[in-house]
There are 2 protein chains.
Amino acid sequence: MPLTEAGIYAAALRLIDADGVEALTMRKLATALDANPMSLYHHVPNKEALLRGVARMAGAQFRTVALEDAPWQERIRLLATDFRTLAHRHPRLIAYSFSHQPDFIQHEDPFLVALTAILGAAGVPLPEIPETIALVCSVVTGVLTAELNGALHQWASIEPPAVPTADDSGSERPGPDEDRVFRLVLDTLVTGLESRLTADRDGQAGRR
Amino acid sequence: MPLTEAGIYAAALRLIDADGVEALTMRKLATALDANPMSLYHHVPNKEALLRGVARMAGAQFRTVALEDAPWQERIRLLATDFRTLAHRHPRLIAYSFSHQPDFIQHEDPFLVALTAILGAAGVPLPEIPETIALVCSVVTGVLTAELNGALHQWASIEPPAVPTADDSGSERPGPDEDRVFRLVLDTLVTGLESRLTADRDGQAGRR
DNA sequence: ACCTGAACACCGTTCAAGT
DNA sequence: ACCTGAACACCGTTCAAGT
């Protein structure tokens with residue numbers, strides 16, 4: 001079968017899922033496609049563009065349901081959880097994209113469209129929408145990056161220093177649980193947003 | 001002068017600050033040190049260990065003041081801001097470390113020691129300290145990563161969709177301001193933590 | 001238009017040999 | 001102990017030549 005841009009991206013994504021972005025090589029990709037390494041360059045200008053294309057293709061798999069009638073708190077939780085599902089599907093690529101592709105989450109993406117709608121429904125004033133988008137995206141990509149690269153696990157496994165309160169050996173802490181910390185981050189984000197909105201409504205004008 | 005481990009790290013850090021981690025090469029580093037590329041391997045086992053060493057050295061520059069009498073909210077803000085100062089000093093290295101070195105923030109680091117103390121002073125129950133550390137580290141590294149790689153700027157620059165409320169052309173939004181979003185993230189984090197602590201104190205037991 | 005072989009300018013790292 | 005030259009097994013990409 002002939003080489004196509006989409007076929008190249010799909011093969012690259014398979015290799016990345018299997019061995020990570022750093023192991024992806026134009027030469028290995030060509031071998032996987034049963035092609036000459038140089039043939040790739042007729043469909044993709046260079047390796048960086050290849051990785052952007054793969055990320056765009058994987059990002060297009062993002063799906064979320066609208067739930068327009070639910071409270072905004074629930075909607076934003078669902079949106080973040082759906083994003084996490086995508087991250088789990090292609091962890092190596094998504095981790096790479098978060099750190100190397102500042103434009104991975106783009107204006108027209110369903111994620112941002114949904115987020116903007118939710119923040120509007122929550123009552124965030126229009127001029128504060130962009131900075132609130134930045135806030136939410138930072139927090140969500142932050143916790144997902146930490147989960148994907150293992151930092152979250154390490155942090156959550158840190159033993160409380162000293163102060164062994166009586167006998168703790170029987171309680172058997174259930175072990176670090178990424179799900180739990182992810183929910184904790186979402187709870188904190190939502191609660192923090194709620195407080196800001198309430199304060200705004202109560203008439204506090206000046207924001208420094 | 002003879003090659004030393006510390007000297008190698010320092011030279012590597014200079015090259016990274018100037019041209020980024022991806023431009024650092026054993027061969028270029030050797031040239032900068034006026035040495036043979038192979039001489040480096042007598043002081044550092046390989047490139048990955050080199051980068052870990054450089055990160056450890058840069059991380060050791062982290063400084064923060066205790067402020068033990070201030071309210072925990074102010075202390076956590078200061079701690080995060082001091083960490084941001086370090087990130088600004090070596091942006092390329094720190095961005096790399098956040099995404100590639102899950103153990104960049106380690107148990108004994110002054111940052112984690114201070115954070116643990118602050119959370120304890122805030123009244124976070126001992127068994128919840130680790131997950132709260134994970135929460136705070138995720139959020140702080142998340143917003144710093146986004147700032148360092150430019151995503152924060154992009155997100156904060158997104159124009160509110162449609163709904164041009166009358167004449168907006170004279171208002172001249174002050175342009176995306178990373179400082180502002182960073183403070184917003186901290187405010188949200190602190191407020192979210194406050195709410196959890198208050199809820200806990202009010203006697204709500206069960207945590208899912 | 002699409003493919004390809006040879007080549008260029010690099011990499012990190014091994015290894016045997018030097019002092 | 002520390003250094004070094006040559007070499008190995010790779011990279012991404014250019015370019016002229018093929019069909």
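The figures here come from the full heavy-atom set of this structure, side chains too, leaving out hydrogens, waters and symmetry mates. Proteins get letters first, then strands, A, B, ... in listed order; numbering begins at 1 in each.
- Classification of Asp187(B) and Arg77(B) as a salt-bridged pair holds, one side-chain N sitting under 4.0 Å from a carboxylate O.
- Using a 4.0 Å cut-off between charged nitrogen and carboxylate oxygen, Glu128(B) and Arg196(B) count as a salt-bridge pair.
- Relative ring orientation between Phe83(A) and Phe62(A) is described as perpendicular, the plane-to-plane angle rising above 60° on a 0-90° scale split at 30° and 60°.
- Between the CG atom of Leu40(B) and the P atom of dT4(D) there is a distance of 10 Å, given to the nearest Å.
- The two residues Ala10(A) and Met57(A) make their nearest non-hydrogen contact at N-SD, 4.1 Å.
- In this structure, His43(B) places its NE2 atom 9 Å from C1' of dC3(D), rounding to the nearest Å.
- Straight-line distance from the CG atom of Asn36(A) to the C1' atom of dG12(D): 14 Å, rounded to whole Å.
- Residue Phe98(B) is tested with Leu93(B), Asn149(B), Leu144(B) for a side-chain contact (heavy atoms from CB on, under 4.5 Å); the sole match is Leu144(B).
- The nucleotide whose nearest atom lies closest to any side-chain atom of Leu3(B) is, among dT4(D), dC3(D), dG12(D), dC3(D).
- The side chain of Thr25(B) places no N or O atom within less than 4.0 Å of a non-bridging phosphate oxygen (OP1 or OP2) of dC10(C).
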>> Dot-bracket for DNA chain C, please. Rules: Watson-Crick or G-U, both distances under 3.5 Å, ( ) within the strand, [ ] when a pair crosses earlier ones, | for another strand, . otherwise.
In response: ||.|||||...|||||.||

Identify all pairs in which a protein N or O lies below 3.5 Å from an N or O of nucleotides 13-17 of chain D, and state each distance.
unit_1, atom_1, unit_2, atom_2, d
dT13(D), OP2, Tyr41(A), OH, 2.8
dT13(D), OP2, Lys47(A), N, 3.0

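- At whole-Å resolution of the value, CG in Leu51(B) and C1' in dG12(C) are 12 Å apart.
- Checked for salt-bridge contact, Asp17(A) and Arg89(A) miss the test: no charged N lies under 4.0 Å from a carboxylate O.
- With both ends at atom P, the span from dA9(D) to dA9(C) equals 22 Å, rounded to whole Å.
- Regarding Glu22(B), its CD atom lies at a distance of 15 Å from the C1' atom of dC11(C), rounded to whole Å.
- Within 4.0 Å (heavy atoms only), Ser39(A) reaches at least one base atom of the nucleic acid.
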May I have the list of side-chain donor-acceptor pairs in residues 102-110 of chain B shorter than 3.5 Å, sequence neighbours left out?
unit_1, atom_1, unit_2, atom_2, d
Asp109(B), OD2, Gln106(B), N, 2.8

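- Nearest heavy atom pair, residue Trp155(B) against residue Ala146(B), reads CZ3-CB, 3.7 Å.
- Screening Val143(B), Asp179(B), Leu186(B), Val140(B) against Arg84(B) for a side-chain contact (heavy atoms from CB on, under 4.5 Å) leaves a single residue, Asp179(B).
- Leu24(B) places its CG atom 12 Å from the C1' atom of dG12(C), with the value rounded to the nearest Å.
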